[in-house]
Protein chains: 2
Amino acid sequence: MSTRRDAVRDTLRRSEGFRSAQDVYAEMRQHGAKIGLTTVYRALQALADGGDVDVLRTDDGESVYRACASGDHHHHLVCRRCGHTVEVAGPAVERWAETVGSEHGFTEITHTVEVFGTCASCSSSVRAG
Amino acid sequence: MSTRRDAVRDTLRRSEGFRSAQDVYAEMRQHGAKIGLTTVYRALQALADGGDVDVLRTDDGESVYRACASGDHHHHLVCRRCGHTVEVAGPAVERWAETVGSEHGFTEITHTVEVFGTCASCSSSVRAG
DNA sequence: GGGGATTTTGACAACCATTTTCATTTTGGC
DNA sequence: GCCAAAATGAAAATGGTTGTCAAAATCCCC
């Protein structure tokens, strides 16, 4: 009985980058899906809790979601113009975080790492335009 | 005429970790300062724009501010229990972000890195309590 | 299938940090 | 002192997100 949740996940999978709850809702409605905003929020949360999608916060405080290919721990390289996202691994960063944390006596160390930039196609279209 | 702004900065300096705008406002009022919430927000923004304070977002979307000792680029090791914060440098991370970005054709690369953990005194008080 | 308990759904209201508005106060220049 | 420009702050607006609660769908045991 998770038709709705599956629909939300599918919508997310079809997207290249991170999408907000409101985005997902609008897109689903546009495609004729009969679903409420509340349910989209709940589905997104459940998906995030279950580790099926990754969440991050934009600079203006919106939560954005993405169905990632890898279930393993990874980070994101996000185009700040078009939102195109590449999943990247960073073993060096993992080790660094762990080291710097324990050097200062911290335990149960976690970290957030996101890399932003302008992707190749966006920088060429800027030059062209 | 930046008495207010200076007062906000001073309040921030007296804090160990990151504080929200509402925190700063409440504390200033408690100490008898005559200042409005709007002004605290404005001062915090100006300070952040000028690079005098660092900003980050909590998991629940609140913006929190900190007057950092170093004006240079650095990251934070934050205790998730008491908020105690240590400024850390990560040259390896800087290089990694730059490398991973250009490998994928991205330019104008920036990054956000935060490390969370439980600090020594918090983990010992948990064991004791 | 039937019936009742349980879960899911979604329209709407409530929340709450943050921003905007706008009238008042303060400041700086002369 | 006087005026224009900037700063201030109380109150209202904003907007993403969450809570409420009644209706609808689903499950489960018979």
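In the text below, chain A, chain B and the rest are named by the order of the sequence lines, each starting its count at 1.
Rounding to the nearest 0.5 Å gives a distance of 10.0 Å between NE2 of A:His75 and OG1 of B:Thr112.
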Evaluate B:Tyr41 against B:Gln22 for side chain to side chain donor-acceptor pair (under 3.5 Å), listing each step before the verdict. CA-CA 9 Å; B:Tyr41 272 104; B:Gln22 314 256 358; 3.0 Å; yes
What do the steps show when you test B:His73 against B:Glu94 for side chain to side chain donor-acceptor pair (under 3.5 Å), and what is the final call? CA-CA 10 Å; B:His73 178 77; B:Glu94 319 299 327; 2.9 Å; yes
Take A:Asp60 and A:Thr58 through the side chain to side chain donor-acceptor pair (under 3.5 Å) test and state the conclusion after the steps. CA-CA 5 Å; A:Asp60 54 321; A:Thr58 63; 2.8 Å; yes
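Along DNA chain D, the nucleotide nearest A:Arg42 and the nucleotide nearest A:Ala21 are compared for position; the residue whose nucleotide lies closer to the 5' end is A:Ala21.
Between A:Gln22 atom CD and D:dT17 atom P the separation is 6 Å, expressed in whole Å. In this structure, the CG atom of B:Leu37 is 9 Å from the C1' atom of C:dA17, given to the nearest Å. A straight line from CZ of A:Arg4 to C1' of C:dT8 spans 9 Å, rounded to a whole angstrom. Atom P of nucleotide D:dT17 and atom CG of A:Leu44 are separated by 9 Å, given to the nearest angstrom. Regarding B:Lys34, its NZ atom lies at a distance of 11 Å from the P atom of C:dT25, rounded to whole Å. Per the geometry, CG belonging to A:Leu56 stands 16 Å off C1' belonging to D:dG16, to the nearest Å. If you take CZ of A:Arg5 and C1' of D:dT26, they are 15 Å apart, rounded to a whole angstrom. Look at CZ on A:Arg57: it is 13 Å from C1' on D:dG15, rounded to the nearest Å.
With C:dT19, C:dT18, C:dG10 as the choices, the nucleotide that has an atom nearest any side-chain atom of A:Ile35 turns out to be C:dG10. Side-chain atoms of B:Tyr41 lie closest to C:dA17 of the nucleotides D:dT17, C:dA17, C:dG10. Proximity note for A:Gln45 (side chain, C-beta onward) versus C:dT9, C:dT18, D:dT18: the nearest is D:dT18.
An OP1 or OP2 oxygen of D:dT8 is reached within less than 4.0 angstrom by no side-chain nitrogen or oxygen of B:Thr39. OP1 or OP2 of D:dT17 lies within a sub-4.0 Å distance of a side-chain N or O belonging to A:Ser63.
No side-chain donor-acceptor contact under 3.5 Å links B:Arg81 and B:Ser123.
A donor N or O paired with an acceptor N or O is found under 3.5 Å between the base of D:dA10 and the side-chain atoms of B:Thr38.
Ion pairing of A:Glu87 with A:Arg66 is present here, as a side-chain N (NZ or NE/NH1/NH2) and a carboxylate O approach within less than 4.0 Å.
Between the two ends of the helix from C:dG1-D:dC30 to C:dC30-D:dG1, each summarised by a five-pair axis, the helix axis turns through 30° (rounded to 10 degrees).
Ring pair A:Phe106/B:His84 is parallel by interplanar angle, where below 30° counts as parallel and above 60° as perpendicular.
Heavy atoms of B:Ser20 sit nowhere under 4.0 angstrom from any nucleic acid atom.
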